[in-house]
Amino acid sequence: MTLTLTEETPPEGFERLVRAEDADSGLRALICIHSTALGPAAGGCRMWDYPDWDAARRDVQRLAEGMTYKNAMADLGLGGGKSVILGDARRDKNPALFRAFGQAVQALEGRYYTAEDVGISPADMAQVAAETPYAVGLEGGQYGSGDPSPFTAEGVFQCMRVGAKHVFGSDDLTGRRVLVQGLGHVGMSLAEKLHAAGATLIVTDINKESTDRAARDLDATVIAPDQVFATQMDIFAPCAMGAVLNDDTVPLLSAKLVCGAANNQLAHPGIAGLLRDRGIRYLPDYVVNAGGIISVAGEIHKAGPGYRRGRLSGIAERIGAMLTRAEAENRTTTEIASDMVKDILATAKRSVA
Ligand code: NAD
């Protein structure tokens, strides 16, 4: 192994950007630490076939900053960071590559905790963990948190109830038409909770096996993926991909509330205003979908199940406060969320100074 670590100059407002290369295993990776104001940075590792280093840099920086926001709002005592491995997750994986990446994480001496993200499996993370204790999201062991998806789904569900109370005057979801877009790890678990709560489920997925299962077991009405914005619903739960709320789709959306797990649901920041102007309440994705990182944080802090439960209900409470403020100040929930994060970070910086 010939691991080389290069400190790059991070953009303003970021703490560190480290490039890791190992010719023997083919590792090419970037680790970005946006902020450790609240604690060591935590955020997953993504493996993606970026066209070049610059594309990877842009992505890791955007994602690391997002983790600062998500971790601050979930009150985890963790800062924001992220890593990316350049490569095709189906073609370029090998154990030595993940061992080399583990050594790179170890070289940061606990300032960054990594876990699975797109393209990385628990088996890959186990290789990383052989080189460093700062790899989490592991299966087994005393504190191993395993698949975070059920926690993410539970957080979304709790936030949706709080949102329903604000929008419809009751958190009872009985008979509410909820459209779940994407029945993957999170979406299916959310759909099960919604079914148990008496919601009228409408679902869509490009995978027929999943929609068949939801129709059979959860009495769900199945619609084609391209029919989402032509469908009548009360609540929209995007649980597939990003940028589903954009200039073309928002004018067509019939829901009064949006609450789902997908990352980066808004195609651009202006979409928040468009939703508000249409009277649609949007619950910011990075607040609502923090259940996954809450689960991982429990592993980092070696905490019992009470930690995860408390933090999950904490995000639902924060969503309630955010909605109340957004209504009182006639501002978007995303503006309020970003103000709340800035206050949390400023308080942390003051207490350190
Ligand atoms: P997943 O890959 O298990 O599920 C995604 C599902 O969406 C799949 O079933 C896929 O077939 C479906 N899909 C893809 N394109 C679609 C389309 N055009 N229309 C309808 N369905 C489509 O992913 P997941 O782990 O369930 O995560 C879902 C979303 O939530 C992602 O955006 C992810 O980044 C985000 N998220 C997940 C977690 C977690 O704990 N897993 C945590 C935070 C955020």
Side-chain angles (χ1 to χ4, degrees), residues 42-48 59 62-63 66-67 69-71 73-74 76 80 82 84 89-90 115-122 125 136-137 139 145-160 179-194 201-215 218 220-231 233 236-246 248-249 258-267 283-299 308 311-312 315:
C45 172
R46 175 169 294 194
M47 186 163 187
W48 195 257
D59 207 31
R62 176 181 72 84
L63 294 164
M67 288 311 298
Y69 276 52
K70 187 182 285 205
N71 293 346
M73 282 301 250
L76 302 177
K82 200 89 180 184
V84 294
R90 286 160 305 182
E116 297 91 341
D117 193 68
V118 176
I120 303 289
S121 70
M125 206 35 67
V136 286
E139 278 166 344
S145 55
D147 181 8
S149 311
F151 291 96
T152 305
E154 177 60 25
V156 174
F157 179 69
Q158 289 189 17
C159 289
M160 191 182 286
L179 192 153
V180 181
Q181 180 186 43
L183 292 169
H185 290 91
V186 181
M188 189 62 90
S189 175
L190 176 65
E192 285 164 1
K193 290 173 194 297
L194 288 166
L201 266 180
I202 309 164
V203 298
T204 186
D205 197 293
I206 49 176
N207 177 354
K208 190 173 174 313
E209 242 175 73
S210 307
T211 52
D212 283 353
R213 192 184 137 202
L218 309 175
T221 301
V222 178
I223 58 157
D226 63 1
Q227 288 306 299
V228 167
F229 297 96
T231 302
M233 67 188 99
F236 179 38
C239 296
M241 61 287 174
V244 286
L245 298 167
N246 56 47
D248 297 327
T249 57
V258 177
C259 175
N263 279 313
N264 305 315
Q265 290 166 29
L266 308 187
L283 307 190
D285 45 25
Y286 69 89
V287 185
V288 161
N289 70 17
I293 192 73
I294 288 173
S295 166
V296 166
E299 187 176 340
R308 293 176 173 93
R311 292 301 185 283
L312 276 177
I315 59 173

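Indexing begins at 1, ligand by ligand and atom by atom, following the structure's order. All figures in this text were calculated on a predicted structure; none of them were measured in a lab.
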d(Leu183 CG, Lys208 NZ) to nearest 0.5 Å is 13.0 Å
Shortest non-hydrogen contact between Leu312 and Gln158, atoms and distance
O-OE1, 3.5 Å
Is the closest N or O pair between Gly292 and ligand 1 shorter than 3.5 Å?
no
protein heavy-atom neighbour closest to atom 12 (C) of ligand 1 works out as Asp205 OD2, 3.2 Å
Without swapping roles, check the side chain of Thr204 against the backbone of Ile223 for a donor-acceptor pair under 3.5 Å.
yes
Is the shortest N/O to N/O distance between Lys70 and ligand 1 below 3.5 Å?
no
Going by heavy-atom distance to atom 44 (C) of ligand 1, choose the closest among Ala261, Gly260, Ser149.
Ala261
To the nearest 0.5 angstrom, please state how far the CD1 atom of Ile293 sits from the NZ atom of Lys70.
7.0 Å
Can you find an N or O of Asn263 that's nearer than 3.5 Å to an N or O of ligand 1?
yes
Verify the contact flag for atom 23 (O) of ligand 1, where contact means a protein heavy atom under 4.0 Å away.
no
At under 4.0 Å between heavy atoms, what of Cys239 touches ligand 1? The answer is backbone
Do Tyr286 and Asn263 have side chains that get closer than 4.5 Å, going by heavy atoms?
no
Taking distance alone, with no angle check, do Gly187 and ligand 1 share an N/O pair under 3.5 Å?
no
When rounded to the nearest 0.5 angstrom, what is the spacing between CD1 in Ile294 and OG in Ser145?
12.0 Å
Nearest-0.5 Å distance that lies between atom NZ in Lys82 and atom CZ in Arg62
9.0 Å
Which residue and atom name correspond to the protein heavy atom nearest atom 4 (O) of ligand 1, and how close is it?
Gly184 CA, 3.2 Å
Min N/O separation Ser210 to ligand 1 under 3.5 Å
no
Any N or O of Gln181 closer than 3.5 Å to N or O of ligand 1:
no
What are the two closest non-hydrogen atoms of Pro225 and Ile206, and how far apart are they?
CG-CG2, 4.0 Å
side-chain contact (heavy atoms from CB on, under 4.5 Å) for Trp48 and Val84? Distances and angles first, verdict last.
CA-CA 7 Å; Trp48 195 257; Val84 294; over 6 Å; no
With heavy atoms of Met241 as the reference, note each atom of ligand 1 found under 4.0 Å away.
15 (N), 16 (C), 17 (C), 18 (N)
Could you find the nearest protein heavy atom to atom 26 (O) of ligand 1 and give me its residue, atom name and distance?
Val186 N, 2.9 Å
Has ligand 1 got any nitrogen or oxygen that is less than 3.5 angstrom from a nitrogen or oxygen of Thr152?
yes
Give the residue, atom name and distance (to 0.1 Å) of the protein heavy atom nearest atom 29 (C) of ligand 1.
Ala240 O, 3.6 Å
Glu299/Arg308 ion pair, N-O < 4.0 Å:
no
among protein heavy atoms, the one nearest atom 14 (C) of ligand 1 is Ile206 CD1, 3.6 Å
Tell me which protein heavy atom sits closest to atom 43 (C) of ligand 1, plus the residue, atom name and distance to 0.1 Å.
Asn289 O, 3.5 Å
Part of Val118 within contact of ligand 1 (heavy atoms, under 4.0 Å)
neither
Ile315 CD1 to Glu154 CD distance, which is reported to the nearest 0.5 Å:
9.5 Å
Step-by-step side-chain contact (heavy atoms from CB on, under 4.5 Å) determination, Met160 to Leu194:
CA-CA 10 Å; Met160 191 182 286; Leu194 288 166; 3.6 Å; yes
Look only at interatomic distance and state if Pro225 has a nitrogen or oxygen under 3.5 Å from any nitrogen or oxygen of ligand 1.
no
Look up atom CG in Leu63 and atom SG in Cys45, then write down how far apart they are to the nearest 0.5 Å.
11.0 Å
I'd like to check atom 2 (O) of ligand 1 in this structure: does the protein have a heavy atom lying under 4.0 Å from it?
no
How far is atom 25 (O) of ligand 1 from the closest protein heavy atom, and which atom is that?
His185 CB, 3.8 Å
